[in-house]
Novice: 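What follows is a single structure, and I will ask about it in a moment.
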Amino acid sequence: MKIRLNDLVIIVFLVLISFVIKKVQLIPLIIAALAMVLGSRLDSGNKNLIYVAIATMPFIPFFVFFLFYLLFIVFGTILENASFIKKFVFAMSVTLVLRLIVYHASTLGIPISGYFILILLLIFLFISYFVYVKKNGISSLKNLFSVSSEDYKILIGTLFFLFFVANVIYNNTSLYGSNGTQIYAKQFFVIDTIDKSGFFPQYDPSIGMGEQLFLTDSPTHFTKDILIMAAIFLKQWFGPVLIYNAYSMLILWVVILGASLLLKEILSINGKNNSELAVYLIILGSAAIGLSFQFVRILESFKSFSAHTINFLLFAMLLSKPKKAAEWLVIAYLMLFSYMVHV
C-alpha cells in the first residue's frame, strides 16, 4: 500500500477537527483508514471525493446536504473544462428550478409532501443521468465525480476554516445571521404546512404590506428541497434549529467555494495558475471572504445569503471569457435567479 499526501491530509484534518469541536471523530477516522487501505484500486480523483465526503461527516446533516447536491453535479458538464468545485456550485443553482416546480405544483392544487419532493427529484435526476450516459457512455460517470488534487486542497482547506470558525453555528438552541428568527420562522412555517397539510402556503399580494419581492423570493428561497426533506425525515434524530443551522453552514461553505472560483480566475494567467502558491492564496482568500460574514451579523442584506453562491459563480464565469453558447445561457440563467432569490 502506497500512502499519498492526500491520504495523510484527511487524517490530519479529522484529528484537528476533533480538537476544534472537542469530540473525537472515531467513525470518520475508521472510514478514512479503510478507504486508504482498500481504495488502492480507485482512481485518485474518486478517492479524493470519498475523502471530502468523509471530511463533512463530523456534522451529519451537513454531510447529508453535501451528498444531496453532489447528485446534481451532472449539470455542470455543460460548462467547458469545469472543475469539480465549479460543477458543484452550479449544481446548487440548478436546484432552484426544482423549487419552482414544487411551488407551482402546489398552486395547481397537487398535494405535496416530503415523499412527493423526493420522487420528483429522483425522476428529474434519472432523466438527467440517462441523457448524460446516452451521450457520453457509462464509463464517463467515473470522471464526472473526479476531484483534482488542486480542488481537493481547496475543499479540505476551506472545510477546515469553516468548521474552525463556524462550528458555533451548529446547535439546536440559537439562530445565526441577520433576521435569523424571521427567516427561520417563515421557513419552518412552510415546512410545517407541507408536512401536516400538503401544500406550500401561498402569498396574497393584497395584504402584502409593500413586500412585493416576497412574490419572487418566496418560491425560490423557502422551497429548499433538501432542507424540507431533512426537516421532515430527520426530525426524530435532529432538532429543527440544528438542521437549519447546518444548512446555513453548507451555504456559507458554498459561498467560500464560489469565492475560490472567482479568485482562481483573477489569479490565473491564460486560464492557468502558474504558481504553486496560488492554491493556498485561493484557500486563504476565499475563506477570508466567506467567513468575514460570520462576524458581520447585523447586515440586513445578508439574511440567509442564498444568492451569494450564484453571484460568485456568475463573476467567475464572466472572467473566464466563455466561448460556448451554452455557457452564455448559463450566465443569463444565473443573472435571472440572482434577482429572484433576493436573499
Side-chain angles (χ1 to χ4, degrees), residues 6 9-10 12-13 16-17 20 48-49 51-53 55-56 58-59 62 65-66 69-70 73 76 79 81-93 147-170 176-177 246-269 271-297 299 301-320 331 334 338 341:
N6 289 354
V9 166
I10 185 61
V12 172
F13 172 88
L16 291 175
I17 291 301
V20 169
N48 288 341
L49 175 61
Y51 286 154
V52 172
T56 66
F59 306 97
F62 187 98
F65 296 147
F66 171 72
Y69 287 112
L70 185 64
I73 206 170
L79 306 175
N81 299 321
S83 65
F84 174 87
I85 293 177
K86 182 177 282 190
K87 289 187 290 186
F88 183 73
V89 174
F90 181 63
M92 294 198 68
S93 69
V147 178
S148 68
S149 181
E150 181 180 76
D151 275 4
Y152 176 72
K153 292 175 184 175
I154 294 173
L155 289 162
I156 294 295
T158 54
L159 269 177
F160 174 77
F161 285 115
L162 174 76
F163 291 163
F164 181 78
V165 175
N167 70 88
V168 293
I169 299 173
Y170 190 76
Y176 161 75
Y247 190 81
S248 295
M249 286 179 66
L250 179 86
I251 297 296
L252 186 54
W253 184 42
V254 180
V255 168
I256 295 171
L257 294 180
S260 76
L261 295 174
L262 182 59
L263 289 175
K264 186 176 181 180
E265 293 298 335
I266 292 173
L267 293 173
S268 66
I269 301 174
K272 295 182 179 180
N273 291 313
N274 297 319
S275 172
E276 294 182 359
L277 297 176
V279 65
Y280 302 106
L281 293 174
I282 290 170
I283 292 171
L284 292 174
S286 58
I289 291 170
L291 294 175
S292 63
F293 293 137
Q294 161 72 4
F295 305 103
V296 193
R297 301 185 180 188
L299 287 179
S301 61
F302 188 44
K303 293 187 179 179
S304 295
F305 40 83
S306 300
H308 289 300
T309 56
I310 298 173
N311 293 332
F312 277 129
L313 177 59
L314 172 61
F315 287 125
M317 289 189 65
L318 288 171
L319 287 173
S320 67
I331 289 173
L334 293 174
S338 176
V341 173

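On a predicted model such as this, the values are computed, not experimentally measured, just so you know.
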Novice: Counting C-beta onward and ignoring hydrogens, is there a side-chain heavy-atom pair between I10 and Y152 closer than 4.5 Å?
Specialist: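 In short, these two side chains touch, coming nearer than 4.5 Å.
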
Novice: What are the two closest non-hydrogen atoms of I283 and K153, and how far apart are they?
Specialist: CD1-O, 3.4 Å

Novice: Any idea how Y247 and Y69 line up, ring-wise: parallel (<30°), tilted (30 to 60°), or perpendicular (>60°)?
Specialist: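 Y247 vs Y69 ring planes: tilted.
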
Novice: Measure across I154 and I85 and return the closest heavy-atom pair with its distance rounded to 0.1 Å.
Specialist: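 It is CG2-CD1, 3.6 Å.
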
Novice: Return the CG to CD1 distance between D151 and I282, rounded to the nearest 0.5 Å.
Specialist: 9.0 Å

Novice: Considering non-hydrogen atoms only, spot the tightest contact between L252 and A166 and give its length.
Specialist: CD2-CB, 4.2 Å

Novice: Apply ring-ring contact (aromatic ring centres under 6.0 Å, His included) to F62 and list each qualifying residue two or more places apart in sequence or on a separate chain.
Specialist: F163, W253

Novice: Who are the ring-ring contact (aromatic ring centres under 6.0 Å, His included) partners of F13, not counting sequence neighbours?
Specialist: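 If we apply the ring-ring contact (aromatic ring centres under 6.0 Å, His included) test to F13, skipping adjacent residues, there are no hits.
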
Novice: Would you give the length of the straight line joining atom CZ of F164 to atom CD1 of I17, rounded to the nearest 0.5 angstrom?
Specialist: 9.0 Å

Novice: Would you compute the distance between atom CG of L281 and atom OG of S260 and round it to the nearest 0.5 angstrom?
Specialist: 13.0 Å

Novice: For residues 159-170, which residue pairs pass the side chain to side chain donor-acceptor pair (under 3.5 Å) check, not counting sequence neighbours?
Specialist: none

Novice: Under the side chain to side chain donor-acceptor pair (under 3.5 Å) test, which residues partner Y51, sequence neighbours left out?
Specialist: D7

Novice: If the condition is ring-ring contact (aromatic ring centres under 6.0 Å, His included), which residues does F161 pass it with, not counting sequence neighbours?
Specialist: none

Novice: Mind checking the OG-CG spacing from S286 to L261? Nearest 0.5 Å is all I need.
Specialist: 9.0 Å

Novice: What's the separation between atom CG in L49 and atom CG in L155, rounded to the nearest 0.5 Å?
Specialist: 9.0 Å

Novice: Atom NZ in K264, atom CG in L257: separation rounded to 0.5 Å?
Specialist: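 One finds 11.5 Å between NZ of K264 and CG of L257.
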
Novice: Considering all heavy atoms of both residues, which atom of L70 and which atom of F88 are nearest to each other, and what is their separation?
Specialist: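 That closest heavy-atom pairing would be N-CE1, 3.8 Å.
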
